[in-house]
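Comments concern the structure below.
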Amino acid sequence: MIKKWYFYTSLVIIIAFLSSGFKPVKIDTNHWFLIKNPDGTQYLYPSQEQEDYTNLNIPYTGNLFIGFKEAIGFKESQGKYKKINSLGYLGKYQFGVETLKTIGIKDSPRFLSSPKLQEKAFVALLAKNKWLLRDIIEKYEGKIVSGIHITESGILAAAHLGGAGSVKKFFSSNGSRYLRDAYGTSIRSYLKDFGGYDTSFIVPDNNAVVSLN
């Protein structure tokens, strides 16, 4: 009888000990958001830190171009290809009609209904802005201006927001001019928030246009 009591007591202790190792672990909530691309692929953004992805079965984009464009797309429209804002800016990257004309797109409805066309337009505008701002990139990349570490991707993002002319004004004033868009978003914020991505493969091209095929 005593042996049975020892046996059952030991069994209870062992079970309790093992169970303590399976308590749920508290997981911190990270502000990732899901992006679904037209080809069916999915990505989670916007973390650029590899350790944030260690235990998650999702792609690590680091400073890759895809992370750059999806982060801007989310900032501009939450990644919505068919969004039109209150000022008439169109699509995932919020293009103005006049800007679209500079890269060869005159059919706004077609542009709005085509994710493929919008992605091409984003790259074409980057190429054009990279040519227009090539001297700025060469002069300021890697430097600190108004407390911001300047990178090529940050400069291109700022140009997407306010145009190449606004970016030139910012640097000509050594960062003292506080330039904003119609909604109050500043050039400084884009220079900072979208810095450090790899946009090196974008070829500067003042005549960049989108193929409509």
Could you verify whether a donor N or O on one side chain and an acceptor N or O on the other, from Ser77 and Gln94, lie under 3.5 Å apart? no
In short, Gly91 meets Leu112 closest at the heavy-atom pair N-CD1, 3.6 Å
Between the side chains of Glu76 and Lys83, is the shortest nitrogen-to-carboxylate-oxygen separation below 4.0 Å, so that they form an ion pair? no
Min side-chain heavy-atom separation Leu125-Asn129 under 4.5 Å: yes
So, does Ser113 use its side chain to make a donor-acceptor pair with the main chain of Arg110 at under 3.5 Å? yes
Between Glu119 and Lys116, is there a salt bridge with N-O shorter than 4.0 Å? no
Any donor-acceptor pair under 3.5 Å linking the side chain of Gln118 with the backbone of Tyr81? yes
Has the side chain of Lys143 got a donor or acceptor atom that lies under 3.5 Å from a matching backbone atom of Lys139? yes
Is any side-chain heavy atom of Phe170 less than 4.5 Å from a side-chain heavy atom of Tyr140? no
Under the 3.5 angstrom rule, does the side chain of Lys92 hit a backbone N or O of Lys80 as a donor-acceptor pair? no
Does a side chain donor of either Ser176 or Asn174 reach within less than 3.5 Å of an acceptor in the other side chain? no
So which atom in Ile84 and which in Gly88 form the shortest heavy-atom distance, rounded to 0.1 Å? CG2-CA, 4.0 Å
State, with a plain yes or no, whether a side-chain heavy atom of Phe68 is found less than 4.5 Å away from one of Asp198. no
Using only atom types and a distance under 3.5 Å, with no angle test, would you say the side chain of Lys75 pairs donor to acceptor with the backbone of Tyr93? no
Nearest-0.5 Å distance, CG of residue Leu161 to OG of residue Ser186: 8.0 Å
Does the Ser153 side chain pair with the main chain of Phe194, one donor and one acceptor, at a distance under 3.5 Å? yes
Scanning both residues in full, the closest heavy-atom pair of Ala158 with Ile187 reads O-CD1, 3.5 Å
If you define the side chain from C-beta out and look only at heavy atoms, does anything of Lys120 sit under 4.5 Å from Phe111? no
Do any N or O atoms from the side chain of Lys130 and from the backbone of Ile202 form a donor-acceptor pair under 3.5 angstrom? yes
Surrounding NZ of Lys192 (heavy atoms of other residues, nucleotides or ligands, distance under 6.0 Å), is the total greater than 12? no
Quick one: are Phe171 and Ile155 in side-chain contact, heavy atoms under 4.5 Å? yes
Does Tyr89 have more than 12 heavy atoms from other residues, nucleotides or ligands lying within 6.0 Å of its OH? no
Under a 4.5 Å side-chain heavy-atom rule over Ile, Leu, Val, Met, Phe, Trp and Tyr, are Phe122 and Val209 clustered together? no
Okay, side chain of Ser173, backbone of Lys169: is any donor-acceptor separation there less than 3.5 Å? yes
Flag the pair Trp131 / Arg134 as yes when at least one side-chain heavy-atom distance between them is below 4.5 Å, and no otherwise. yes
Side chain of Ser172, backbone of Lys168: donor and acceptor closer than 3.5 Å? yes
